[in-house]
2 protein chains.
Amino acid sequence: MAATLRDVAQMAEVSIKTVSNVINDHPHVRPETRARVQSAIDALGYRPNLTARSLRSGRTGAIALAVPEVSLSYFAELADAVITAAEKAGLVTLVEQTGGDRQRELALLTSPRLQMTDGLIFSPLGMDNDDRAHLEVDYPLVLLGERVFGARCDHVTMRNTEAAKAATEYLIASGRRRIAVVGHHEGEEIGSAGLRMKGYLQALEEAGIPFDRRLVGTTGLWHRWNGAMVMRELLASGATFDAVFAFNDNLALGAMRVLQEAGLRVPQDVAVIGFDNLEETAYTIPSLTTVDPGREWIASTAVETLVKRIAEGAGAPEPELTLAQFRIVERESAPRR
Amino acid sequence: MAATLRDVAQMAEVSIKTVSNVINDHPHVRPETRARVQSAIDALGYRPNLTARSLRSGRTGAIALAVPEVSLSYFAELADAVITAAEKAGLVTLVEQTGGDRQRELALLTSPRLQMTDGLIFSPLGMDNDDRAHLEVDYPLVLLGERVFGARCDHVTMRNTEAAKAATEYLIASGRRRIAVVGHHEGEEIGSAGLRMKGYLQALEEAGIPFDRRLVGTTGLWHRWNGAMVMRELLASGATFDAVFAFNDNLALGAMRVLQEAGLRVPQDVAVIGFDNLEETAYTIPSLTTVDPGREWIASTAVETLVKRIAEGAGAPEPELTLAQFRIVERESAPRR
DNA sequence: CTGAAAGCGCTAACAT
DNA sequence: ATGTTAGCGCTTTCAG
């Protein structure tokens, strides 16, 4: 059996309170007493029981991170960043997977499993804007992503439309005029696809380039394979284009591979720009020009925001929407000029 | 303030114990009483306090998973599998990152943060065999990976040498004779590189193919970029080969890309086989033949083993070494014939 | 500066 | 079938 405060107190011949004072670095302990207590702690190999501490203090020292799947590159890198940021704040991270399934997402929000944590960082995929009432929960919650806007909780996300517009403008500035997109979701207004499409359209319009529906590649999923498939369709359709804006890096990599397979040179014949700045995009051949949506910043800001909410308890200020800075990472697949 | 057992008991006009019985599905509760309690629970929105339950029961319902980095594909997919398996067992998973750093790995083993969990699934990278005494801890621990063998704790891992031998034999059976390897670690005997190299050498020897040192590509890190670099060196060296066995999929993908860039056809001119069976290898072009080392099985077995240990407490049977079945996944980069 | 004692919310042994 | 009660190990008033 592990040693308890009581054991230490007994051994050091002081009260339990004094031991507690020593452990929590409270002042008002005579150096001499402190030393005696400390040696008892060492002798017994005492380690405070965090569960008991949690019960008493109402804090667990853990946060939950809920994502669709950690094995998807974007979420893997997000999880890495969140875990690292949480650790710096002295918190451990408990990872939940929802599979991007609306039912599981809603269930998670009221799961007793969350009781083990002080708060939740939540990246839904299956929920939509009509579900936003479900996000009014009685524990600290920070929302990520672009499935839901206007919920009464803190929300940290990226500037999808602006970033997509900038990506498109970047291609235009480098002299491209016929820019295909890959990853469109028909009829979607919010959500990554909808918002990025909007940015693309804005950029075209401002540049006076007519929108050509034949250059739109539609695909629900955004895995590498989908990018390849969509690009095959575009090529087969006979459409001509000199650049591709893929709505994420997986799509871009799949599309790029098919372009090369078809004998088209990237970037000479077709420039390719992605979105996400996954680590591996620096090492592909050619390396991928992409939008860094500020993933690291989002992760650390989400943790900071959550930590603040946890500290505040109730009676806190209004929830905020915070947007990350993005930047275009220029690499080989789409040089600036 | 959240409702407690007491509040529910008061509202339902029963004792606290009866409420507890209802919640824990104990028998000996009259249906009528049960219904009354249940409606009080619903009315108050009562949710059991897991922290209190933990303190009382000595179980937290959480396990820890420690990996180098969740953003590395292999560990991302491992984490996905572990989290999923743990969830099936009613456990949540707390993810810790060590960065593959020996000091952090050792520190983690004695971290108070583990107090929040019932046990640990640990995949070290920086530790070596001499550190195995550190794995004798007083909580349930399941070791993964191939950095440490013979420690006094359960160990679930893959058949590295056998699988590597089988991969090499597969290439030989398909008619290849000059098989390059990518990912060698000079002088390593255990660890993924050492064990896989051993399997490669065994296969060559049994087939009567002389070992050619010029076909060995050495690289400490196993990212895609390293595979590309090593392959460039091999090609530049003038060495000739008709197949490549890469010690993991990242290396294989990097190498394959460089081969194609150099105008060599995969698999016609050079066959490529990897190791890991990452999800994305099914979707590369060409798709990658690779060794599935049994990652899913390892994850679920690790969780099962840990659950068993947790249930047993002390006075338990000897720790076991369990090895996953592997299989060769035949895809385009190295057809069977 | 230190000690005594009251709980945090729950479970389980023991009573009825 | 249901009620009473003693802690799990800690923090934290409140006294001394």
Side-chain angles (χ1 to χ4, degrees), chain A residues 1-38 40-41 44-62 112-118 138-139 310 313, chain B residues 1-38 40-41 44-62 90 112-118 138-139 313:
Chain A
M1 203 51 209
T4 76
L5 260 194
R6 205 195 229 69
D7 301 329
V8 176
Q10 205 161 3
M11 182 163 191
E13 296 178 302
V14 294
S15 88
I16 201 174
K17 166 68 167 139
T18 305
V19 181
S20 176
N21 281 342
V22 171
I23 288 162
N24 299 304
D25 271 338
H26 277 227
H28 309 315
V29 182
R30 226 181 321 170
E32 178 198 315
T33 318
R34 181 181 295 276
R36 194 146 40 91
V37 170
Q38 190 57 53
I41 289 176
L44 292 169
Y46 169 77
R47 307 235 312 268
N49 179 319
L50 296 189
T51 306
R53 188 175 280 179
S54 293
L55 176 58
R56 189 61 239 234
S57 65
R59 292 277 189 77
T60 64
R113 300 156 68 97
L114 291 179
Q115 290 245 355
M116 283 186 229
T117 66
D118 297 333
D138 59 356
Y139 51 83
I310 292 169
Chain B
M1 203 50 210
T4 76
L5 262 194
R6 207 195 228 70
D7 300 330
V8 177
Q10 205 159 6
M11 181 162 193
E13 296 180 299
V14 295
S15 87
I16 198 174
K17 168 67 164 131
T18 304
V19 181
S20 176
N21 282 343
V22 170
I23 287 162
N24 300 304
D25 270 339
H26 277 229
H28 308 313
V29 182
R30 225 182 322 169
E32 177 199 317
T33 318
R34 181 181 296 275
R36 194 146 40 92
V37 170
Q38 190 57 54
I41 288 176
L44 292 169
Y46 168 78
R47 305 234 313 265
N49 179 319
L50 296 189
T51 306
R53 188 176 280 179
S54 295
L55 176 58
R56 190 59 242 240
S57 66
R59 292 277 190 76
T60 64
R113 298 157 67 97
L114 291 179
Q115 290 242 354
M116 281 185 234
T117 67
D118 296 333
D138 60 357
Y139 52 83

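Predicted model only: the values in this text are computed from it and were never measured. Lettering follows sequence order; numbering is per chain, from 1. What you see below is based on every heavy atom in this structure, not just the backbone, and it leaves out hydrogens, waters and symmetry mates.
Regarding contacts with the backbone of C:dT2, every side-chain N or O of A:Thr18 stays at 4.0 angstrom or more from both OP1 and OP2.
When the C1' atoms of four end pairs are superposed on the next four at each end of the helix from C:dC1-D:dG16 to C:dT16-D:dA1, using five pairs per end, the two resulting axes differ in direction by 40°, to 10°.
When the P atom of C:dG7 is taken as reference, atom CG of A:Leu55 falls 14 Å away, rounded to whole Å. Residue A:Arg36 contributes atom CZ, which lies 14 Å from atom P of C:dC1 at whole-angstrom precision. Taking atom CD1 of B:Ile41 as the reference point, atom P of C:dC10 lies 10 Å away to the nearest angstrom.
Of all non-hydrogen atoms in B:Gln115 and A:Arg47, the two that sit nearest each other are NE2-CB, 3.7 Å.
Across all strands shown, B:Thr33 has heavy atoms under 4.0 Å from sugar-phosphate atoms exclusively, and none from any base.
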Heteroatom pairs (N/O) under 3.5 angstrom, protein to nucleotides 10-13 of chain D:
{"residue": "D:dC10", "atom": "OP1", "partner": "A:Tyr46", "partner atom": "OH", "Å": "2.4"}
{"residue": "D:dC10", "atom": "OP1", "partner": "A:Asn49", "partner atom": "N", "Å": "3.0"}
{"residue": "D:dC10", "atom": "OP2", "partner": "A:Leu5", "partner atom": "N", "Å": "2.6"}
{"residue": "D:dT11", "atom": "OP1", "partner": "A:Arg53", "partner atom": "NE", "Å": "2.7"}
{"residue": "D:dT11", "atom": "OP1", "partner": "A:Arg53", "partner atom": "NH2", "Å": "3.3"}
{"residue": "D:dT11", "atom": "OP2", "partner": "A:Ser20", "partner atom": "OG", "Å": "3.4"}
{"residue": "D:dT11", "atom": "O2", "partner": "A:Arg56", "partner atom": "NH1", "Å": "2.6"}

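With sequence neighbours excluded, no residue forms a side-chain contact (heavy atoms from CB on, under 4.5 Å) with A:Arg56. A:Arg30 pairs by the side-chain contact (heavy atoms from CB on, under 4.5 Å) definition with A:Glu32, A:Thr33, not counting sequence neighbours. Evaluation of the side-chain contact (heavy atoms from CB on, under 4.5 Å) rule for B:Arg59 yields B:Ser57, B:Asp118, B:Ile310 as partners, not counting sequence neighbours. Residues passing the side-chain contact (heavy atoms from CB on, under 4.5 Å) test with B:Ser54 are A:Thr51, B:Thr60, sequence neighbours excluded.
Within 6.0 Å of CD on B:Gln10 lie no more than 12 heavy atoms contributed by other residues, nucleotides or ligands.
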